[in-house]
Number of protein chains: 2
Amino acid sequence: MNTYSSSLLETAVDELAKLPGIGRKTALRLALHLLRQDEVAVENFGKTIIKLRKEIKFCKHCHNISDEEICEICSDPKRDKGLLCVVEDVRDVLAIENTNQYKGLYHVLNGIISPMEGISAADLTMDSLVKKVFKGNIDEVILALPTTIEGDTTNYYIFKQLQSANISITTIARGIAIGDELEYTDEVTLGRSILNRTPFKDAEK
Amino acid sequence: MNTYSSSLLETAVDELAKLPGIGRKTALRLALHLLRQDEVAVENFGKTIIKLRKEIKFCKHCHNISDEEICEICSDPKRDKGLLCVVEDVRDVLAIENTNQYKGLYHVLNGIISPMEGISAADLTMDSLVKKVFKGNIDEVILALPTTIEGDTTNYYIFKQLQSANISITTIARGIAIGDELEYTDEVTLGRSILNRTPFKDAEK
């Protein structure tokens, strides 16, 4: 599939195929879908995306995507300012917020250290995190990064940077997901969940 | 996931999630990807899509997507003007062109009859097809529509419309795909492939 009947279509497919997870066949399907839509609707679509990139702001404190200089979470007086949860990106903030279990603040790294993809600590909001912690006021940093080699590397890097600050550094619990069968859990997770066993708590109390 | 930290992001996710096969989670992933791109690149992306919808032309003869009034295939003097292959959309033209087995012209219906989706013959380029055939000059119409109920319905509709024209109407061969095992072929295809058996041709000759 290399000769489209129209260079306009070809350019559009090229652009759509740049999106992650979208190959040329899907890109063509999307382009044909857009061609069937109302002209005004497609113009809105294009303009919304251009506007998103042009006008987006990042919170000065936590670096999360925000419409204001300081995001809603950081400016919420009810939040525990002593608790800081370090996450990869805005999706993790959404996921944790949806649990309704966390009332502290966030720090969005905007990525994790990945030599394979050429992402180093300098590309992330690491400096801002270190400064924030050494300013005082923070009691605990919770590392909530992916359970991958890159996530572990980033965890270790952050730990080294913050070690000398007098705070506690924790990671979110890893183990068998609630509702999962032991039989179908991968060996690494199961093995670690035995090593990192926790005292039994009586849920009734 | 309903409270994003930014209304700009939310609007962009809403727009991206309108694309077929893209849910809100994927839309968010795409929006975050676009945020990481260069501002100029994202502007190009948006403008390309708007331009595609605004400036696209359809060939006056075959209704395929084209940059000119008459597409490259229709204006190619080497093509057999007596042979007309009826397809659903531009993707089928690309697929057939890639086989290098067809040297006739196309007629793009821009859809197939589908009562479920509210698409009737009037929404397609059916009138144009009928006019083209009754003008003469065409010897054979090849129906190359999907092997679905909608495809069969459309085939039958076209057959009824063109029946009185003195031309031959054929459909592309249906049967077991080259390289497929009989054992794994579905019953309907296997059953029909026996009913529609063809005389054995000696490939060596």
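Naming convention: chains lettered A, B, ... in sequence-line order (proteins, then strands); numbering from 1 in each chain. Worth saying up front: this structure is predicted, and the values here are computed from it rather than measured.
Heavy-atom pairs under 4.5 Å with chain B peak, among Asn110(A), Ile73(A), Leu34(A), Thr11(A), at Leu34(A). In terms of non-hydrogen atom pairs under 4.5 Å with chain A, the most contact-rich of Glu55(B), Lys47(B), Arg29(B) is Arg29(B). Between chain B and the residues Pro20(A), Cys71(A), Ala12(A), the largest count of heavy-atom pairs under 4.5 Å involves Pro20(A). Chosen from Asn64(B), Asp38(B), Leu16(B), Leu32(B), the residue pairing most often with chain A at heavy-atom distances under 4.5 Å is Leu32(B). For the set Val93(A), Ile65(A), Thr48(A), the entry with the most heavy-atom pairs within less than 4.5 Å of chain B is Ile65(A). The most heavy-atom pairs under 4.5 Å with chain A, out of Leu52(B), Ile49(B), Thr26(B), come from Leu52(B). Your options are His33(A), Gln37(A), Arg36(A), and the one with the most heavy-atom pairs under 4.5 Å with chain B is His33(A).
Annotation: Arg192(A), atom CZ; neighbour count of heavy atoms from other residues, nucleotides and ligands within 6.0 Å does not exceed 12. Within a 6.0 Å radius of CD1 in Ile172(A), more than 12 heavy atoms belonging to other residues, nucleotides or ligands are found. At most 12 non-hydrogen atoms from other residues, nucleotides or ligands lie less than 6.0 angstrom from CD1 of Ile178(A). Counting heavy-atom neighbours within 6.0 Å of Phe134(B) CZ, excluding the residue itself, gives a total above 12. Sparse packing is recorded around CG of Asn137(B), with 12 or fewer heavy atoms of other residues, nucleotides or ligands lying under 6.0 Å away. Heavy-atom contacts from other residues, nucleotides or ligands closer than 6.0 Å to NZ of Lys132(B) number more than 12. Heavy atoms of other residues, nucleotides or ligands lying less than 6.0 angstrom from CD of Glu140(B) number more than 12. Annotation for Asn166(A): atom CG does not count as buried by contact number, only 12 or fewer foreign heavy atoms lying within 6.0 Å.
If you take CG on Asp14(B) and CG on Asn44(A), they are separated by 12.0 Å, rounding to the nearest 0.5 Å. Here CD of Glu39(A) is found 6.0 Å from NZ of Lys54(B). Values are rounded to the nearest 0.5 Å. In this structure, Ile50(B) CD1 and Phe45(A) CZ are separated by 9.5 Å, a value rounded to the nearest 0.5 Å. To the nearest 0.5 Å, the span separating CG on Asp67(A) from OG on Ser7(B) amounts to 3.5 Å. A distance of 10.5 Å separates CG of Leu35(A) from CG of Asp89(B), quoted to the nearest 0.5 Å. Expressed to the nearest 0.5 Å, how far CD1 of Ile56(B) lies from CG of Leu8(A) amounts to 5.0 Å.
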